[in-house]
Amino acid sequence: MKISLPQPFNLKHTLECGQAFRWRLVEGWYFAAVRGQAIKCRQVGGAGNIGGELEFFTAPEPDNAELIRDYFRFDDDLPAILREIDKDDYIHGAIEKYKGLRLLRQEPWECLISYICSAASSVRKIGQDVDRLSAAFGWELCIGGYATHSFPAPEALAGGRTMEICKCGIGFRSGYIHEAAKAVASGRLDLESLQRKKYEDAKRELLEYKGIGEKIADCVLLFSLDKLESFPVDRWIRRAMQGNYAECRDASDRKIRAFAAKHFGRYAGYAQEYIYQYVRGTNQQKRHYIVRR
DNA sequence: TCCCAGGCGAAAG
DNA sequence: CTTTCGCATGGG
């Protein structure tokens, strides 16, 4: 099935920018499990991977276009958002380079556990961790000859022992995940209700749990709870902001977040993701250069 | 062998 | 308030 894409749209940038961890590229098609469905998709037509159509398959529910529209945030008016955050030369460069990158509307429970896994880890390893948790605790999904597993239900991770989670390579984060799973499975932590709360209130609730600090809470709020003003500060964003904005020179993470809110406004989260890609892309090239030398 | 990776919690200054 | 350290694991 094909659906026309909102403009601009770049599937590669959207799926490979490190916001979601389970997408795999096989022979020109992206595969993943999303909200209990296996998805196979690719961008066709359009110029320079901008525009065109999204060709996709879903299973076991066939042709679930509503899932696609919601997950890829077709409801976001990206041109208007980019106009609003395009405040200076630095962010302008990031927007030009990664135009068409869209935030995703991830499932909050999976997003929470994925980002608890992210502490002192790498994008690649987080993907490994989430895949292993899914293989161990989820159920099998297949599409177009590609086999994967759904992300586990809260009850599945809450039911066993911490050690079983640790066996997926989760390390010191295992206890945090087990505790979060028990909170969600029991209903004590209601992630859906956080979607309806204000950013500050939802964040305060997330911060009550061990293993969830400012940065991870902001990621969950931005990537799954529709808080587009959220501006997660990780080590890359810290470096980028301190190095490119005089107001952030020697600034703490709290001051960086305050500056971003003032400077970029209600869509600061979009600015964050463009800057993240921008700084990480250029820096990875630098490191490669150093290693080769 | 050493360093780094989408951090966090605890302890101490 | 800030700084420092340990924390498991995998890849370069």
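Below, chain A is the first sequence line, B the second, and so on; all start at residue 1.
- Closest to the side chain of Gln19(A), from the set dA5(B), dG7(B), dG6(B), is dG6(B).
- With dA8(C), dG6(B), dG12(C) as the candidates, the nucleotide lying closest to the side chain of Phe223(A) is dG6(B).
- Within 4.0 Å (heavy atoms only), Arg124(A) reaches sugar-phosphate atoms of the nucleic acid but no base atom.
- Considering only the side chain of Ala120(A), dG7(B) comes nearest among dG6(B), dG7(B), dT9(C).
- In this structure, the side chain of Gln43(A) engages the main chain of Phe9(A) through a donor-acceptor pair within 3.5 Å.
- When the nucleotides dG10(C), dA8(C), dA10(B) are ranked by their closest atom to the side chain of Arg173(A), dA8(C) comes out on top.
- Of the listed nucleotides (dT9(C), dG7(B), dG9(B)), dG9(B) has the atom at the smallest distance from the side chain of Lys210(A).
- At a threshold of 4.0 Å, the pair Lys255(A)-Asp250(A) does not count as salt-bridged, since none of the basic side-chain nitrogens sits closer than that to a carboxylate oxygen.
- For Tyr176(A), counting side-chain heavy atoms from C-beta on, the closest listed nucleotide (dG6(B), dG10(C), dG9(B)) is dG9(B).
- Nucleic acid contact class of Ile212(A) (heavy atoms, under 4.0 Å, all strands): sugar-phosphate only.
- Using a 4.0 Å heavy-atom cutoff across all strands shown, Arg239(A) reaches sugar-phosphate atoms only and no base atom.
- Each of dT9(C), dA5(B), dG6(B) was ranked by its minimum atom distance to the side chain of Arg235(A); first place goes to dA5(B).
- The aromatic ring of Trp236(A) is not stacked on the base of dG6(B), since the criterion of ring centres less than 5.5 Å apart with planes inclined by under 30° is not met.
- Rounded to whole Å, the C1' atom of dC8(B) lies 22 Å from the corresponding atom of dG11(C).
- Residue Gly213(A) is in sugar-phosphate contact alone, with no base atom involved, counting any heavy-atom pair closer than 4.0 Å across all strands shown.
- Remark: Lys203(A) engages Asp218(A) in a salt bridge, criterion side-chain N to carboxylate O under 4.0 Å.
- Spacing between dG6(C) and dC2(B) at atom P, rounded to whole Å, works out to 15 Å.
- Glu273(A) comes within 4.0 angstrom of a nucleotide base, judged by non-hydrogen atoms across all strands.
- The pair Glu205(A)-Lys197(A) meets the salt-bridge criterion, since a charged nitrogen lies less than 4.0 angstrom from a carboxylate oxygen.
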